[in-house]
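Just so it is clear, the model here is predicted, and its values are computed rather than measured. Just so it is clear: chains get the letters A, B, ... in the order the sequence lines come, proteins before strands, and each one is counted from 1. When reading the values below, keep in mind they use all heavy atoms of this one structure, side chains included, and skip hydrogens, waters and symmetry mates.
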Number of protein chains: 2
Amino acid sequence: MSLDSERLQKLTDRKKLILKAVIEAHIETGEPVGSKLLTTNKQIMLSSATIRNEMAELEEMGYLEQPHTSAGRIPSEKGYRFYVDTLMEDYQLTASELSLLNSLLSGRLSAMDKIVEKASSVMAALTNYTSLAIRPRPKKVVILRFKTLLLGDYDFLLIMITSSSVVNTKNIRTHQPVDARQLELLEAALNRFMCGVDINDITLPMIMQMEIAAGRAAPLVNFVIKCVYDFVSELNDEIDFDGVNRLLQYPEYSDDMELLRDMLRLFERKEDIINIVAGGRRDATNIYIGSENRVDEMKSSTIVFKTIMARGRPVGAIGVIGPCRMDYPKVVTTLEYLTGHLSDIASENVAARLPLPGDGGTDNNEK
Amino acid sequence: MSLDSERLQKLTDRKKLILKAVIEAHIETGEPVGSKLLTTNKQIMLSSATIRNEMAELEEMGYLEQPHTSAGRIPSEKGYRFYVDTLMEDYQLTASELSLLNSLLSGRLSAMDKIVEKASSVMAALTNYTSLAIRPRPKKVVILRFKTLLLGDYDFLLIMITSSSVVNTKNIRTHQPVDARQLELLEAALNRFMCGVDINDITLPMIMQMEIAAGRAAPLVNFVIKCVYDFVSELNDEIDFDGVNRLLQYPEYSDDMELLRDMLRLFERKEDIINIVAGGRRDATNIYIGSENRVDEMKSSTIVFKTIMARGRPVGAIGVIGPCRMDYPKVVTTLEYLTGHLSDIASENVAARLPLPGDGGTDNNEK
DNA sequence: ATTAGCACTTGAAGCTCAAGAGTGCTAATG
DNA sequence: CATTAGCACTCTTGAGCTTCAAGTGCTAAT
């Protein structure tokens with residue numbers, strides 16, 4: 001009937017108000033929300049009976065669910081999604097939260113990796129969820145220059161300067177003595193054939209050419225190639241979690257050992273979550289609620305994350321993982337505050353010479 | 001009475017046999033062990049009544065405990081301690097366990113840090129407890145040589161070669177242009193005053209002397225000193241845990257959220273466990289049972305660990321953490337097998353040139 | 001010295017029952 | 001005609017109770 005279809009098509013303002021109230025109450029308490037509780041809400045000037053009717057329709061429309069007949073309602077994933085997309089309001093950071101955030105942001109700048117990790121830890125502390133920090137590694141690396149340095153009769157240092165501002169050094173020990181002249185030959189051969197080459201494009205003919213060019217140093221070429229491959233194989237995005245123990249605050253996890261174990265495994269495997277984050281948008285706050293996650297173990301959890309950009313390139317990402325019943329306003333506000341300011345800081349770092357002592361611009365090669 | 005004191009002084013062989021049986025049964029099942037169960041043990045040819053009497057005395061002596069009157073007995077910490085010290089027998093590794101261990105040990109050798117981490121993961125898989133891997137960092141670092149490398153108008157690379165086979169490189173960005181001549185001056189000044197110096201012994205006068213010696217490159221000296229200090233401050237022992245989720249297999253943890261949370265926090269803090277391991281003996285398998293741990297959160301857990309030594313110096317440590325009711329024979333055997341072989345491998349690596357391609361001897365500077 | 005036998009203790013599991021929370025429906029109301 | 005008061009109904013939760021099984025300590029017999 002046209003009445004039904006109309007009724008179930010679009011949310012009236014009153015329905016939105018009630019849905020919002022249900023969700024926020026549930027997020028706070030974790031309990032199903034009944035009609036009676038909502039009558040205490042100042043915004044809703046309705047009797048419990050009217051609210052009951054509205055909630056029944058909201059359930060019919062798929063925004064709410066009932067754990068069992070005599071319980072209140074809890075939000076469905078669709079409910080959370082709608083809340084996140086259109087209902088929720090900005091959270092106002094408290095003075096103490098702001099001061100914690102700013103003490104992180106105004107602190108001594110060191111390597112970006114460290115900042116990202118620290119930011120994730122602040123995130124966990126402020127939101128009370130498990131936080132994550134990702135430091136991305138470029139998948140395309142071009143060799144810019146090789147440099148060698150003799151350390152001893154059997155040892156030399158190989159320095160590889162690549163695009164992506166990463167420098168790799170490797171301490172190589174040989175089983176034949178090496179001398180300075182040999183290293184010169186090696187260096188020359190490497191620089192002649194490998195400069196500007198993508199690491200993944202190294203071919204066997206190139207290696208053979210280099211061995212010829214290296215002359216007496218030919219046996220060393222293989223060592224170097226091996227180092228190069230080791231280097232790329234280490235270039236996986238790195239992820240770290242902070243505040244894993246905080247999951248236990250939420251009955252969603254502490255009452256469900258299986259789920260908890262799944263989460264711990266997920267955190268140890270790392271891979272799945274890296275993939276989730278890698279698949280996200282770079283220009284927005286990503287929120288995946290429950291089964292919106294393709295990963296099975298995340299089916300009853302929510303992940304919220306955002307990429308930190310510096311001059312158009314991602315330099316990291318932070319986020320939180322917790323129950324679907326998550327304090328979205330607070331999480332999103334905190335996350336955007338942090339990533340916004342970190343993006344600015346990182347951009348300045350890369351863009352211009354800072355009029356500070358060089359620490360702001362240093363960038364070491366630790367992985 | 002003399003009879004009592006005699007009775008309670010030393011364990012008869014029969015008491016030892018019963019104690020051992022109780023402990024092993026409890027380790028396996030996690031349940032309190034009753035006298036009846038022990039009559040099924042082929043080694044013990046006694047009636048349940050006799051066993052009861054013996055168990056009562058073992059309890060009086062402090063080796064066993066009774067959760068409540070009508071339950072069987074569980075081992076006390078003193079009981080576990082005695083078991084570990086004198087009762088337990090060697091565990092025989094199964095063929096599949098051996099093959100897993102050996103596939104790790106005979107695999108391609110790469111950086112020691114990686115091997116230790118992998119070993120820890122194997123440890124977790126074989127024993128079903130949470131495992132830990134520690135890579136120690138030397139606290140005394142002596143500078144051997146500095147080397148610089150010009151990268152661009154505003155960038156240069158600082159290479160610091162230190163004792164302890166660690167090379168540190170730092171990509172420094174300046175706010176004033178630098179040229180090759182300046183770097184030469186810098187390098188000469190650094191090498192003249194800092195070679196052979198312990199990093200912790202750098203004094204202000206030395207810095208001032210260097211600035212004078214560096215001439216036009218004086219402003220760069222401060223950058224370098226800062227890098228040096230950053231470098232030492234990063235030299236903390238590193239620890240990683242594997243198989244944290246395995247704790248949930250044991251009711252000791254899965255039935256006690258508080259304890260579980262304490263453990264997760266411990267794993268995130270890292271510090272406490274690093275300290276425990278740092279305080280252990282280097283030449284033995286260390287076993288700390290329950291309250292033998294000074295750390296409060298470990299009061300109901302056991303940690304077993306052993307250091308991997310290469311030519312007299314520790315190059316890492318691995319171990320496991322689990323309930324006091326731990327399969328000590330299996331853990332100890334596996335741990336000693338691994339650390340023994342790893343020590344050999346590491347010693348060879350450092351000691352002699354291997355007749356292999358250089359990979360066995362490479363040693364990169366990733367932290 | 002060992003063991004069979006037995007009374008006793010205690011926790012775990014299952015069962016019932018009342019309380020409480022929340023619903024949906026109906027009829028009354030402004 | 002939207003809203004609401006009222007009420008019967010459903011379902012979970014927890015307390016109290018009983019029963020059951022496991023295991024003990026003690027005593028008396030071997």
Qualifying residues under side chain to side chain donor-acceptor pair (under 3.5 Å), relative to [X], sequence neighbours excluded:
{"X": "B:T69", "result": "none"}
{"X": "B:D13", "result": "none"}
{"X": "A:R14", "result": "A:E54"}
{"X": "A:E65", "result": "none"}

Those residues of residues 22-46 of chain A lying under 4.0 Å from DNA chain D by at least one heavy atom: A:L46

Distances for protein N or O near nucleotides 4-15 of chain C N or O, under 3.5 Å:
unit_1	atom_1	unit_2	atom_2	d
C:dG5	O6	B:R52	NH2	3.2
C:dT10	O2	B:S70	OG	2.9

Where does DNA chain D pair, written as one dot-bracket string 5' to 3', with Watson-Crick or G-U pairs under 3.5 Å, ( ) inside the strand, [ ] for crossing pairs and | for another strand? ||||||||||||||||||||||||||||||

Partners of A:S70 by side chain to side chain contact (heavy atoms under 4.5 Å, CB included), sequence neighbours excluded? A:H68

In chain order, what residues pass the side chain to side chain contact (heavy atoms under 4.5 Å, CB included) check against B:Q249, with sequence neighbours excluded? A:R261, B:N128, B:R246

Could you tell me which residues satisfy salt bridge (Lys or Arg N to Asp or Glu O under 4.0 Å) with A:E24, sequence neighbours excluded, listed by chain and number? A:K20

Mind checking what makes salt bridge (Lys or Arg N to Asp or Glu O under 4.0 Å) contact with B:E31, not counting sequence neighbours?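 B:E31 satisfies salt bridge (Lys or Arg N to Asp or Glu O under 4.0 Å) with no other residue.
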
Would you give me the side-chain donor-acceptor pairs under 3.5 Å for residues 296-305 of chain A, sequence neighbours excluded?
unit_1	atom_1	unit_2	atom_2	d
A:K299	NZ	A:N293	O	3.3
A:S301	OG	A:Y253	OH	2.5
A:T302	OG1	A:Y328	OH	3.0

